[in-house]
There are 2 protein chains.
Amino acid sequence: MGTTGDVGADMRSQLVAATVSLLAGEGPGVIQARRLAREVGASTMAVYHYFGGMPQLLTDVREEGFRRLDARLSEVAITDDPVTDIGRLGLAYRQVAWENPHLYDLMFGLSTPGGYRPEAHAPPAESDRSSSQRAYTHLVDAAARAIRAGRVRDQDPGSVAAQFWSVLHGYVALELSGHLDQLDGLNQVLIPMGINHLVGLGDAPEDATNSLERINTANAES
Amino acid sequence: MGTTGDVGADMRSQLVAATVSLLAGEGPGVIQARRLAREVGASTMAVYHYFGGMPQLLTDVREEGFRRLDARLSEVAITDDPVTDIGRLGLAYRQVAWENPHLYDLMFGLSTPGGYRPEAHAPPAESDRSSSQRAYTHLVDAAARAIRAGRVRDQDPGSVAAQFWSVLHGYVALELSGHLDQLDGLNQVLIPMGINHLVGLGDAPEDATNSLERINTANAES
DNA sequence: CAACGTACCATAACAAGGTTATAGTACGTG
DNA sequence: CACGTACTATAACCTTGTTATGGTACGTTG
């Protein structure tokens with residue numbers, strides 16, 4: 001019945017995988033210790049033995065979410081047009097969010113499905129930070145390449161990346177929560193916003209437009 | 001003992017107010033039917049009589065959140081510099097989010113504190129949409145003024161406003177969830193991002209910079 | 001080889017919290 | 001005064017996180 005997949009995986013990863021899968025399939029409402037245990041063919045105790053409780057399990061699920069985001073962004077090829085690369089990173093980012101909106105929500109929201117949260121709340125845990133950090137790094141690298149190529153004014157790539165991330169996350173979150181329903185999000189918001197931002201960062205308007213028009217073309221390893 | 005306030009308010013608004021207050025004070029963990037009832041000096045049944053259940057109550061709380069956001073944005077004066085106005089709207093928006101992060105999370109997240117959600121989930125309810133719409137309108141109006149003043153290229157103000165909203169929400173959400181902790185968010189991310197965006201929209205770099213430098217000055221009715 | 005400790009897991013009980021059933025009170029209306 | 005409606009309180013029910021307890025498998029050690 002479960003969509004857990006691999007039989008070779010240990011119980012720990014099976015539980016995380018089941019949670020991710022249930023989040024995508026039936027939503028946060030069914031993320032319950034009993035349900036997860038049943039899903040992987042174990043008893044409730046598995047949750048406590050391997051994680052300590054639901055909050056800790058969800059912490060791991062969140063981390064897994066960032067791992068998957070990182071993996072997806074890693075697949076975006078590095079080409080000789082860093083601005084196109086940035087556009088493709090954005091598209092991949094949006095795609096990941098749409099494939100499992102509730103997982104995305106768990107990664108960035110302050111609350112969790114069960115109503116409990118993965119620790120205090122303010123600072124993401126060490127490991128959590130590093131996971132999201134790895135995903136963030138893709139943006140930093142792309143920003144650095146854009147600066148090196150003269151497409152973006154010389155400045156701290158971290159700041160530029162944070163700006164891209166804000167734009168991306170804001171757009172994706174509003175889109176997911178339905179607040180952008182009456183617009184053609186991609187063409188009326190995300191793409192023009194990306195172009196505007198790039199132009200503000202120093203790129204020529206035609207160059208930015210041309211680069212972002214290429215984002216849907218093949219994406220093979222350069 | 002509650003921080004419910006007004007004794008003249010009916011039970012319905014008292015419950016919503018208590019929820020907002022508890023979200024700010026103790027977090028989503030204490031948003032429980034029994035606790036809310038105790039807070040307003042009633043029995044649990046009040047929640048069911050006035051709302052039907054916790055999900056519907058939270059729907060109302062979400063709406064109240066947008067009402068407050070709208071009220072706050074309404075206080076931002078309309079001056080003869082529409083770009084400064086936009087900056088001030090952004091600052092007010094951020095302030096509202098910081099005053100009650102969990103309420104903000106409830107307004108934009110897909111999940112709710114208790115683990116249940118306010119209906120299906122995809123499209124926000126009618127009333128909900130109109131509440132957020134009212135807040136959104138402030139941005140649309142400001143964008144239209146900026147276009148009329150020649151500070152932004154002529155285009156659909158709704159699209160421009162959605163872009164501003166995305167930028168704002170993305171920044172605020174990342175900031176709240178601690179993902180921007182190692183940066184000086186305001187000065188390294190939000191302000192430069194705003195300037196970049198405005199320049200991309202057509203404003204002159206010096207004008208955008210000057211206008212945004214004015215956002216912290218007095219805010220009296222024009 | 002036998003005793004033993006540890007890792008792992010199932011069953012069952014406990015506690016908290018959403019929800020429902022039931023019934024009572026107050027009050028306006030005929 | 002009879003009656004229906006709005007509102008409220010009490011108590012029970014059910015689901016779900018959690019803990020207690022005990023059992024099995026297996027590697028380690030004497």
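A note on names: the letters A, B, ... follow the listed sequences, proteins ahead of strands, and every chain is numbered from 1.
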Exercise. Looking only at side-chain N and O atoms, does B/Y50 come under 4.0 Å of OP1 or OP2 in D/dA6?
Worked result: no
Exercise. Whole Å only: how far is the CD atom of B/Q56 from the P atom of C/dT20?
Worked result: 10 Å
Problem set entry | Distance in angstrom units between B/M54 CE and C/dG18 P, rounded | 5 Å
Seminar exercise, completed: Rounded to whole Å, the CE-P distance (A/M45 to D/dG17) equals 14 Å
For this session: Assign B/A42 to base, sugar-phosphate, or nothing according to its heavy-atom contacts below 4.0 angstrom with the strands shown.
Result: sugar-phosphate
Exercise. Nearest nucleotide by nearest heavy atom, which residue falls closer to the 5' end of DNA chain C, A/G41 or B/G52?
Worked result: A/G41
Problem set entry | Euclidean distance, atom CZ of residue B/F51 to atom P of C/dT19 [Å, nearest integer] | 13 Å
For this session: Decide yes or no for B/E175 and B/R94: does some side-chain heavy atom of the first lie under 4.5 Å from some side-chain heavy atom of the second?
Result: yes
Exercise. C/dA10 P sits how many Å from A/H49 NE2, rounded?
Worked result: 11 Å
For this session: Using side-chain contact (heavy atoms from CB on, under 4.5 Å) as the criterion, point out the one residue from A/R38, A/R34, A/Q32 that pairs with A/T44.
Result: A/R34
Problem set entry | Minimum-distance nucleotide (side-chain atoms of B/S43 versus D/dA20, D/dA9, D/dT16) | D/dA9
For this session: Tell whether B/R35 reaches the base of C/dG17 with its side chain through a donor-acceptor pair below 3.5 angstrom.
Result: no
Exercise. Starting at CD of B/Q32 and ending at P of D/dT16, how long is that distance when rounded to a whole Å?
Worked result: 17 Å
For this session: Tell me, please, whether A/Y93 has A/R72 positioned over its six-membered ring: NZ or CZ under 6.0 Å from the ring centre and within 45 degrees of its axis?
Result: no
For this session: State, with a plain yes or no, whether a side-chain heavy atom of B/E26 is found less than 4.5 Å away from one of B/R35.
Result: yes
Seminar exercise, completed: Exactly one of B/F66, B/W165, B/F164 clears ring-ring contact (aromatic ring centres under 6.0 Å, His included) with B/Y136, and that residue is B/W165
Exercise. Which part of the nucleic acid, if any, lies within reach of A/Y48 when heavy atoms closer than 4.0 Å are counted: base, sugar-phosphate only, or nothing?
Worked result: base
Problem set entry | Rounded distance in Å - CE (A/M11) to P (C/dA7) | 17 Å
Problem set entry | Distance in angstrom units between A/L58 CG and D/dT16 C1', rounded | 14 Å
